[in-house]
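One structure below.
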There are 2 protein chains.
Amino acid sequence: MPKHVDPEARRRLVVDALFRVVVRDGLQRTSLRAVAAEAELNIGSLRHYFASQHDLMHFAMQSMLDRVSDRLLDHIDRIGDLSRYPRTEQLRLTVELLAEFLPLDESRHAEVTVFLDFNTATRTNPALRDLSRQTAEGTRHLVHRVLSRLDASGTLRPGLDLTIETERLTALLDGLGLSTVLHPDLLAPQACLDVLVTHLGNLSLPTETLTRGR
Amino acid sequence: MPKHVDPEARRRLVVDALFRVVVRDGLQRTSLRAVAAEAELNIGSLRHYFASQHDLMHFAMQSMLDRVSDRLLDHIDRIGDLSRYPRTEQLRLTVELLAEFLPLDESRHAEVTVFLDFNTATRTNPALRDLSRQTAEGTRHLVHRVLSRLDASGTLRPGLDLTIETERLTALLDGLGLSTVLHPDLLAPQACLDVLVTHLGNLSLPTETLTRGR
DNA sequence: CCCGTTGTATCACAGGCGTGATAGAAAGGC
DNA sequence: GCCTTTCTATCACGCCTGTGATACAACGGG
């Protein structure tokens, strides 16, 4: 016995509309009325599902983070145990995993755009700071874990300071996302990927050593 | 015979106030009234020096970019001909130059904060897009030039793709700035610098080769 | 059928915004 | 001293914002 409307689906619909408005007009111009219009909903309806603007924003940001997180966890699951792959393959898989952070297709481009707008907003918006903080820590943890696994497999060059390398790779991913979102014409998706490949190649042992070590 | 007020100084005063408001409250909440209050000026006065909000914003962004640009050019002048230094010194000088982009002290922190807020705003603000675009290109040119000089001096490892390396280093700088501004507690200035040093060290020939080559 | 819950739709209000218009003060060349 | 230019200060207007209040429709269990 289904209820007339599914509140959860309704919220998703609203949040999707919000994302579209943010991508199109920026978070600054994302008002309740604009979102309602985009969702083809009356503002009264919208407010029935979100008590306040803050509620909507918080829920939207949380939703975005959940989607990214889910996709990453799913990707990690699909990979399984990294150490069972040959080392060159490990690098390829790692690139693919980290590419989830990059705006390489339209969907991820939109996602990174929203991500960026929300996160920069948190600097002066205490209500969302915790979310942003946790995300930043989460990203670092993931990057650190990935690097640790590669290191444990002997794929990386010895003597790397993983703390620094984590920060370096994280900053690289952030910077690539920023550039691509702000200046898509200056940095094509493929170039973005090339940079990531180069970086990981740089952290790893030379190819001949890798293939010998397979 | 000095005029009672120097219009140029007045504008600088207003722009400085605007920067403080942006740092404190974010660009979103930087209204004419807020800037006027921060500058302890009447909004009528403010509007006498800036015909419209757009004028003020454009002038402010241009001013910020000019300051960064001036500081960089000045720094480059101070260095002079890079190739006359030993190679390890070249790296140190390069780190120092590129550190001008990083929020390592309070002044540069504020600057990067404003820079970031303005640039992210340009995504959905056509009025400032050109400025942002030129800046992005300018940064890439500078980074490319620095890498080229190092390469010409034989300080870098051979076989590097400077196009990719330019993008990589630019993204790294952007990412470090972003992290430090959004999460100062997660990435200390010194760590920021460590990452940059590591990166440049990574691009260059091993130290023993460098000292032999001096 | 009836009633409570759920959803939809409006209205009104206070507050902030950029901006046009305007009035008055202050300064400086003549 | 006068007059023009420069500067300061206010008022009012229309627009958009989030939100409280409220009325009305629609559903679904009893």
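Lettering of chains follows the sequences in order, A, B, ..., and the numbering in each one begins at 1.
- At dT8(C), one or more side-chain N or O atoms of Y49(A) fall inside 4.0 Å of OP1 or OP2 (strictly under the cut-off).
- Atom CZ of F50(A) is separated from atom C1' of dT8(C) by 16 Å (rounded to the nearest Å).
- With F101(B) as reference, L142(B) is the one residue of L172(B), V112(B), L142(B) to meet the side-chain contact (heavy atoms from CB on, under 4.5 Å) rule.
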> Does the pair R71(B) and D74(B) meet the rule for a salt bridge (charged side-chain N to carboxylate O under 4.0 Å, His left out), with working shown?
Replying inline: CA-CA 5 Å; R71(B) 206 177 59 228; D74(B) 185 60; over 6 Å; no

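- Electrostatic pairing of R67(B) and D16(B) counts as a salt bridge here, judged by a charged N lying under 4.0 Å from a carboxylate O.
- Here the P atom of nucleotide dG7(C) and the CG atom of L46(A) are 13 Å apart, to the nearest Å.
- Using a 4.0 Å cut-off between a side-chain N of Lys or Arg and a carboxylate O of Asp or Glu, R92(A) and E89(A) qualify as a salt bridge.
- For the pair Q53(B) CD and dG20(C) C1', the computed distance is 15 Å after rounding to whole Å.
- We find that CG of D25(A) is positioned 13 Å from P of dC16(D), with the value rounded to whole Å.
- Going from atom CG of L56(B) over to atom C1' of dC17(C) covers 14 Å, rounded to whole Å.
- dT5(C) atom P lies 12 Å from atom NE2 of H48(A), rounded to whole Å.
- Between E38(B) and L18(B) the shortest side-chain heavy-atom distance does not fall below 4.5 Å.
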Tabulated below should be each protein N or O lying under 3.5 Å from an N or O of nucleotides 10-13 of chain C; please produce it.
unit_1	atom_1	unit_2	atom_2	d
dT10(C)	OP2	N42(A)	ND2	3.4

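- Counting only residues at least two apart or in different chains, side-chain hydrogen bond (donor to acceptor under 3.5 Å, both in side chains) contacts with residues 176-199 of chain A comprise S179(A)-R140(B), H183(A)-S132(B), D185(A)-R133(B), Q190(A)-D194(A), H199(A)-R168(B).
- The distance from atom CG of L27(B) to atom P of dC17(C) is 13 Å, rounded to the nearest whole Å.
- A straight line from CZ of R29(B) to P of dG15(C) spans 18 Å, rounded to a whole angstrom.
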